[in-house]
Amino acid sequence: MTYASVLVDVSVRQTDRPFDYLIPDRWHDAIQPGMRVIVPFGPRKVQGFVLAIKETTSLDKVKEIEEVLDVMPVLTEELLLLGSHIAQKTLCFLISAYQAMLPTAIKAVYKKHVQITSDEVYEALPTELAQLFSVVKRREWTEVESLVSKISIVQRAIKEGLLEIEYEVKNKANKKTERVVSLLKVLDEDLKNISSPQQKDIIEYLRMNGQTSVKELKEFLQITDSPIKTLQKNEFISIETIEVYRDPYVGSDIEKSKPLPLVDEQRVAYEHIVSSFKEREHKIHLLHGVTGSGKTEVYLQTIQEVLLKGMEAIVLVPEISLTPQIVGRFKSRFGNDVAVLHSGLSIGEKYDEWRKIQRKEVKVVVGARSAIFAPFENLGIIIIDEEHETTYKQDEHPRYHARDIAVWRGEYHNCPVVLGSATPTLETFARAQKGVYELETMSMRVNQGPLPEVEVVDMREQLRNGNRTMFSTLLHEKIIDRLEKKEQIILFLNRRGYSSFVMCRDCGYTIQCPHCEVSLTYHKHNHSLKCHYCGYETYMPKQCPSCQSDHIRFFGTGTQKVEEAITQSFPEARVIRMDNDTTSRKGAHEKMLKQFGNGEADILLGTQMIAKGLDFPNVTLVGVLAADSSLHLPDFRASERTFSLLTQVSGRAGRHEKPGEVVIQTYSPEHYSIELAKTQDFIAFYEEEMKIRRSFHYPPFYYLVLISISHTDLIKVVKVSEQITGYLRENLSNRSIVLGPVASPIAKIKDQFRYQCVIKYKSEPALYDVLNRIQQFYQEETDKGKLQITIDFQPTMFM
DNA sequence: AGCACGCCGACT
DNA sequence: GTCGGCGTGCTC
């Protein structure tokens with residue numbers, strides 16, 4: 001007898017452990033850990049993952065596995081191991097960790113049907129049910145629920161054995177299939193006997209072109225299914241259904257590219273990384289290169305080496321759909337060896353890309369955060385571009401950081417991990433300084449061009465001098481100049497922590513969301529006010545609800561408003577505006593960038609999404625409007641983010657022959673992150689910021705855990721928060737610091753009050769134990785859904 | 001999470 | 001005496 005430990009797809013604490021099932025004989029040697037199965041669980045059926053195969057079980061009664069869903073495991077041995085590591089380190093259920101590794105298409109969909117037990121039951125059934133099941137003998141539960149007058153009559157029929165419930169587990173996956181036609185043996189004699197010209201055409205076509213899809217045959221020969229069917233019936237051809245891949249990049253013509261010559265700094269970095277790959281050393285390299293220093297080319301050539309050895313590579317890029325230019329570079333270098341995974345793909349497309357990896361049909365995957373789980377088994381290198389990006393941290397369970405996963409997998413495979421950035425996180429840079437990571441510095445731009453000249457304009461002064469527009473005199477002049485020279489301009493609107501809120505000029509009243517403690521945002525297109533947290537929407541009032549004054553206006557600068565200002569100040573300029581509104585349609589993003597690249601516009605105006613990765617030779621001016629809006633967020637990383645953002649945006653200017661200029665507009669020009677962005681001196685910024693981090697006990701000197709507590713009852717939230725902080729203070733070592741409880745910066749979302757506390761620690765042996773105990777203590781209450789407690793290690797946000 | 005089981009009040 | 005409400009506890 002062999003048994004399987006199965007982890008079922010039910011994410012609650014009580015089922016967060018394996019259950020044993022008997023493996024039926026027919027599956028004996030076929031079943032392997034990492035495969036998905038369907039098992040009976042209580043009265044229903046659920047999907048589960050086989051964790052292990054074993055010869056014995058301690059139970060006296062076990063059920064049999066009902067079905068095996070995979071031919072090969074969807075989770076490799078490595079990923080199974082990694083899952084338990086993630087569950088342990090982020091305090092999530094094991095099943096959640098595994099779910100996070102797989103494409104959504106593979107997730108189970110549960111259905112419940114009601115059917116007649118036998119044809120003889122009609123007399124016994126109540127008329128209502130007899131009618132319902134007279135023609136259709138099997139119906140979906142939800143359908144029955146809505147058609148029937150009372151659920152109880154169905155339940156009684158089930159008890160009496162007239163009806164029964166059947167549980168079904170389906171795959172969300174939709175493999176895209178295609179019917180293909182192959183020619184069987186057709187003798188010339190047979191051909192003579194075929195009178196239909198269409199059938200003859202088909203055979204002719206197949207003889208010329210070999211295996212062909214039904215679709216193509218029909219299109220090319222302008223025929224229907226019927227002659228094809230006849231040929232199949234007479235066994236001249238065979239039709240089989242095969243799986244095909246959707247190609248999200250079909251039609252985009254990609255030219256093959258060749259390795260570019262490396263400049264000295266690039267070569268040094270390249271050689272270091274390649275040597276640790278060849279020596280099979282798990283080293284972490286920080287590739288610290290200024291914008292335009294050619295980091296991507298280093299990635300490409302190191303990957304080339306990895307591929308030469310028949311090994312595989314993972315490349316993470318922040319939210320990749322936003323940088324089609326980068327995807328293009330990988331596709332053009334490695335062609336069909338590349339799979340691309342990002343959020344812009346449909347569920348089916350993601351699944352197809354994932355299948356290519358699983359079947360080892362590709363060697364390189366380029367993707368966003370979750371691509372770190374690519375099921376490669378022969379990894380040679382892992383690259384994380386723009387290492388400092390916060391999108392690498394998942395903000396829902398499991399709250400993992402892709403960088404940590406990369407390090408874990410690098411260790412498992414004994415391969416190097418490369419972290420690339422012009423503005424690495426302080427944590428990473430500090431490790432490189434200490435020699436924990438290898439530091440590769442690239443301080444020169446490949447084109448030998450200088451970094452762009454950056455000027456900071458004090459907007460307070462502009463205001464004092466009577467300039468009330470969004471453009472300082474300097475930026476205005478420079479825009480005019482570029483427009484005349486037919487050079488291009490990027491205008492960046494820093495909107496983080498910024499929105500167009502509504503305020504009464506007379507009494508100062510601002511309109512807030514009734515369910516969340518945030519101001520509502522004004523939306524121009526339908527004159528509405530919307531809450532960005534819960535979706536609440538209302539009309540824009542004509543009068544102040546508080547003092548009835550007419551002077552109620554919206555404040556803040558949206559991209560729309562900037563666009564209007566541009567057309568007013570520079571009527572001849574052609575503008576492309578990129579923000580969430582204009583790029584939500586699929587492919588809109590790529591299209592707009594292409595237009596700008598072709599010179600169809602003079603100004604590209606946008607938010608964060610235009611800050612990185614873009615490379616347009618004709619851009620010689622970058623303007624940053626309101627540089628400091630990200631500076632005053634209640635977050636210790638605000639300075640780091642601002643500096644990083646300004647550096648990245650500045651890097652968009654003058655990347656090729658023409659030198660670039662940057663104008664940064666700010667109300668706090670004396671702030672060090674803005675002052676240092678002017679010289680783009682990362683080291684100076686690092687040293688300055690480290691002083692602050694040290695004295696305030698922030699990372700990289702301390703690790704952080706953020707515990708958030710929320711509930712609809714404020715008193716309950718306060719009580720639980722105080723209990724938790726009290727417990728932490730009592731049970732953690734006195735070297736750790738516990739802050740709070742305090743109300744979260746956004747104190748209420750969706751009618752839930754939110755409190756938080758923070759643990760700062762350097763080394764805390766009791767940490768996991770204590771946090772687990774807290775989770776267990778409140779488990780009953782959190783299960784009911786009223787109370788929520790989330791624990792976030794190394795949080796990126798404190799909102 | 002679902003689902004059954006069981007206990008209790010309400011109503012034919 | 002039955003129906004349906006919800007609290008409790010289990011699922012190999």
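Proteins come first, then strands; the chains are lettered A, B, ... in the order of their sequence lines, and each starts at number 1.
Checked against the 6.0 Å centroid threshold, A:Phe793 and A:Tyr768 count as a close aromatic pair.
Salt-bridge annotation for A:Glu377 and A:Lys360: present, with a side-chain N of the basic residue lying under 4.0 Å from a carboxylate O of the acidic one. Under the 4.0 Å criterion applied to side-chain N and carboxylate O atoms, A:Glu427 and A:Arg637 are assigned as salt-bridge partners.
A cation-pi contact, defined as under 6.0 Å to the ring centre and within 45° of the axis, links A:Arg17 to A:Phe19.
Among the atoms of the strands shown, none is found under 4.0 Å from any heavy atom of A:Lys45.
Rounding to whole angstrom units, CD1 of residue A:Ile158 and C1' of B:dG2 are separated by 14 Å. For the pair A:Leu7 CG and B:dA1 P, the interatomic distance rounds to 16 Å; values are reported in whole Å. Counting to the nearest Å, the C1' atom of B:dC3 and the CD atom of A:Glu145 are 14 Å from each other.
Taking CZ of A:Arg403 as the reference point, atom CD of A:Glu387 lies at 4.5 Å (rounded to 0.5 Å). Of the inter-residue distances, the one linking A:Glu140 atom CD with A:Leu147 atom CG reads 11.5 Å to the nearest 0.5 angstrom.
Dashed line: the shortest gap from a side-chain N or O of A:Tyr167 to OP1 or OP2 of B:dG2 is not under 4.0 Å.
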Item to check | B/S/- contact track for nucleotides 3-12 of chain C, protein heavy atom under 4.0 Å | outcome: SS------BB
